[in-house]
2 protein chains.
Amino acid sequence: MPSVTVENYLKHLLLLAEETDGLVPMGALSAALAVVPGTVTTMVKSLAADGLVVHRPRQGVKLTAAGRRLALGVLRKHRLVETFLVQVLKMHWSAVNAEAEQLEHAISDAVLDRLDALLGHPSTDPHGDPIPSRLGKLHSQVYATLATCPLARPVRLVRITEQSAEFLQFAELHGLLPGASARVTDRNLAAGLVTVQRPRGRPLALSLAAAGRILVEPSR
Amino acid sequence: MPSVTVENYLKHLLLLAEETDGLVPMGALSAALAVVPGTVTTMVKSLAADGLVVHRPRQGVKLTAAGRRLALGVLRKHRLVETFLVQVLKMHWSAVNAEAEQLEHAISDAVLDRLDALLGHPSTDPHGDPIPSRLGKLHSQVYATLATCPLARPVRLVRITEQSAEFLQFAELHGLLPGASARVTDRNLAAGLVTVQRPRGRPLALSLAAAGRILVEPSR
DNA sequence: GAATTTATTTTGACTACTCAAAATAGCGGG
DNA sequence: CCCGCTATTTTGAGTAGTCAAAATAAATTC
């Protein structure tokens, strides 16, 4: 059975691979895990020895098929637990990431299956993040973001790819929840500002970085 | 924050104290934790240094007030989680101890409070074991057992103080669940056998040891 | 009251993970 | 082509928890 530490290395590697696609730099992993770079080098070498990752020295790491399978299992637990915490226990969506961070390593597959059934086999968690299937399929579509979608066109928010409680609380305050409608009225690259219009709301200014964390699809 | 290991030492110490009352011998703790005796000595000394237990060398250990408070918190998590697994996720009562063993160390107080409310603030878990209150009160009554209750008198089962899946499955198979009625028709100390009569059931033979794990109260 | 058994403690060593700080590699600029 | 910067790796050391096996203390037996 993989340790909590190993599960975390693999999970973050999977998450970072989505953005980086290809090799994940050691520094990115080090930052994500809040661990000094030297520690990552050591651990990655041991993960490589176990066949869970491939290590290209001085270049980066990536998951092997076995490592990816394990990582998907952890991610499935994380996102199903988040969904449970919000839908059944009525917790706030900004609080559940931290809770799931712990529970994902303690919950068995048997309990997870029951939870999955209780929730009606959801395909996304409360942030819109896709939940890997029992078989390890992660059907993550490529979406536009508020930083890249066409101007003036109505869009529907589908996913918030940022877990910090502050950001999520800010987002909710301004009605930026998965499922909500919006329209980007202006985008100023020089200033790094995006202006978003919500139905029945004041125009809202967002940094380009923040806008890039909000995934959208064309409305209707 | 106490480690998983520390939480387990304290929890088992609390459980063993119920039976042993007074000092728990090192050997008992060693057996309960499935760890060699030398390890227990080492750990107990470090727990004592942290003010969580009192160590009487060559005699045994007991919890301090601080240690007991922590242990009660863990036990509360364990038993509420068990209750949740049975009542909400419909798992079998013989399986939930092992699951709760893991989850008790990963669940936060915030989640626990929601769970407690969802379950209607239960006072016992599915085995009839009392759940410590949020404030750390453990109202565990002294009950008779099938090994000690008066002969021929009708009794109601209140608690099964044995967590092994095999035993619990055996108990359920013969209708020995908390809440059930029964009557001890015969007790043979020499043979170490207790005969139990269930309404509409065949007489059932139980070892004295097994009978001692089933707590009862006078019926009506 | 010595001798033996049993419980406990000590000692030395190991695994998994971590950090701090020094060494090194590979890059981009001049 | 060399210089310096940044990312990475190495080295040495520490913490938490564990085991195996030898040493010791206490209790039991004769």
Side-chain angles (χ1 to χ4, degrees), chain A residues 1-13 16-17 19-63 66-67 70-71 74 101-102 104-106, chain B residues 1-13 16-17 19-63 66-67 70-71 74 101-102 104-106:
Chain A
M1 203 89 324
S3 69
V4 170
T5 307
V6 168
E7 288 190 348
N8 274 328
Y9 273 77
L10 297 179
K11 183 188 68 173
H12 278 108
L13 226 25
L16 290 169
E19 306 165 7
T20 324
D21 83 18
L23 283 180
V24 175
M26 305 300 268
L29 194 49
S30 156
L33 291 162
V35 155
V36 302
T39 301
V40 172
T41 301
T42 312
M43 269 305 290
V44 160
K45 285 205 284 193
S46 116
L47 293 176
D50 293 349
L52 298 173
V53 304
V54 174
H55 181 205
R56 293 261 173 64
R58 302 271 165 195
Q59 300 191 72
V61 224
K62 63 176 178 186
L63 292 169
L70 246 40
V74 178
E101 209 78 40
Q102 302 305 310
E104 67 191 6
H105 308 294
Chain B
M1 202 91 322
S3 70
V4 170
T5 307
V6 167
E7 288 191 347
N8 274 329
Y9 273 77
L10 298 179
K11 183 189 69 172
H12 279 107
L13 226 25
L16 290 170
E19 306 166 9
T20 323
D21 83 21
L23 283 181
V24 175
M26 305 301 268
L29 193 49
S30 157
L33 291 162
V35 154
V36 303
T39 300
V40 171
T41 301
T42 313
M43 270 303 292
V44 160
K45 285 206 285 194
S46 116
L47 293 175
D50 293 350
L52 298 173
V53 303
V54 174
H55 181 206
R56 293 260 175 64
R58 303 270 164 195
Q59 300 191 73
V61 223
K62 62 176 178 184
L63 292 169
L70 245 42
V74 177
E101 209 77 41
Q102 302 303 312
E104 67 191 4
H105 308 294

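Every chain is numbered from 1 and lettered A, B, ... according to where its sequence line falls, protein lines coming before strand lines.
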Check the phosphate of D/dT18 against B/Tyr9, side-chain N and O only, distance under 4.0 Å to OP1 or OP2. Yes or no?
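So the side chain of B/Tyr9 is within the cut-off, an N or O lying under 4.0 Å from OP1 or OP2 of D/dT18.
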Below the 4.0 Å mark, does D/dT9 have OP1 or OP2 next to a side-chain nitrogen or oxygen of A/His55?
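Yes, A/His55 has a side-chain N/O under 4.0 Å of OP1/OP2 on D/dT9.
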Within the sub-3.5 Å range, which N or O atoms of nucleotides 10-16 of chain D have a protein N or O partner, and how far apart are they?
from   : atom 1 : to      : atom 2 : distance (Å)
D/dT10 : OP2    : A/Lys45 : NZ     : 2.5

Rounding to an integer number of Å, can you tell me how far [X] [atom1] sits from [N] [atom2]?
X: A/Leu23; N: D/dT8; atom1: CG; atom2: P; value: 11 Å
X: A/Leu29; N: C/dC17; atom1: CG; atom2: P; value: 14 Å
X: B/Leu47; N: D/dT18; atom1: CG; atom2: P; value: 10 Å
X: A/Asp50; N: C/dC17; atom1: CG; atom2: C1'; value: 14 Å
X: A/Leu52; N: C/dA16; atom1: CG; atom2: P; value: 13 Å

Table please: side-chain donor-acceptor pairs of residues 1-13 of chain B below 3.5 Å, with sequence neighbours left out.
from    : atom 1 : to       : atom 2 : distance (Å)
B/Ser3  : OG     : B/Thr5   : N      : 3.4
B/Ser3  : OG     : B/Val6   : N      : 3.1
B/Glu7  : OE1    : B/His105 : ND1    : 2.6
B/Asn8  : OD1    : B/His105 : NE2    : 3.1
B/Lys11 : NZ     : B/Glu101 : OE2    : 2.6
B/Lys11 : NZ     : B/Glu104 : OE1    : 3.4
B/Lys11 : NZ     : B/Glu104 : OE2    : 2.8
B/His12 : ND1    : B/Asn8   : O      : 3.2

For the residue pair B/Val36 and B/Ser30, what are the closest heavy atoms and their distance?
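Heavy atoms only, the tightest pair is C-OG, 3.9 Å.
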Taking only distance into account, with no hydrogens and no angle test, what donor-acceptor pairs under 3.5 Å do side-chain atoms of residues 42-62 of chain B form with protein atoms, sequence neighbours excluded?
from    : atom 1 : to      : atom 2 : distance (Å)
B/Thr42 : OG1    : B/Gly38 : O      : 2.9

For the side chain of B/Val6, starting at C-beta, report the closest nucleotide among D/dT8, C/dA20, D/dG17.
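Nearest nucleotide to the side chain: D/dG17.
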Scan A/Val40 against the nucleic acid and name what it touches under 4.0 Å (heavy atoms): base, sugar-phosphate only, or nothing.
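Nothing: the residue A/Val40, judged by heavy atoms under 4.0 Å, touches no strand.
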Which value, rounded to the nearest 0.5 Å, describes the distance between B/Thr41 atom OG1 and B/Leu29 atom CG?
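Separation between the atoms: 9.5 Å.
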Relative to the 5' end of DNA chain C, which residue comes earlier, B/Gly27 or A/Val35, by the nucleotide with the nearest heavy atom?
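Here B/Gly27 is the residue nearer the 5' end.
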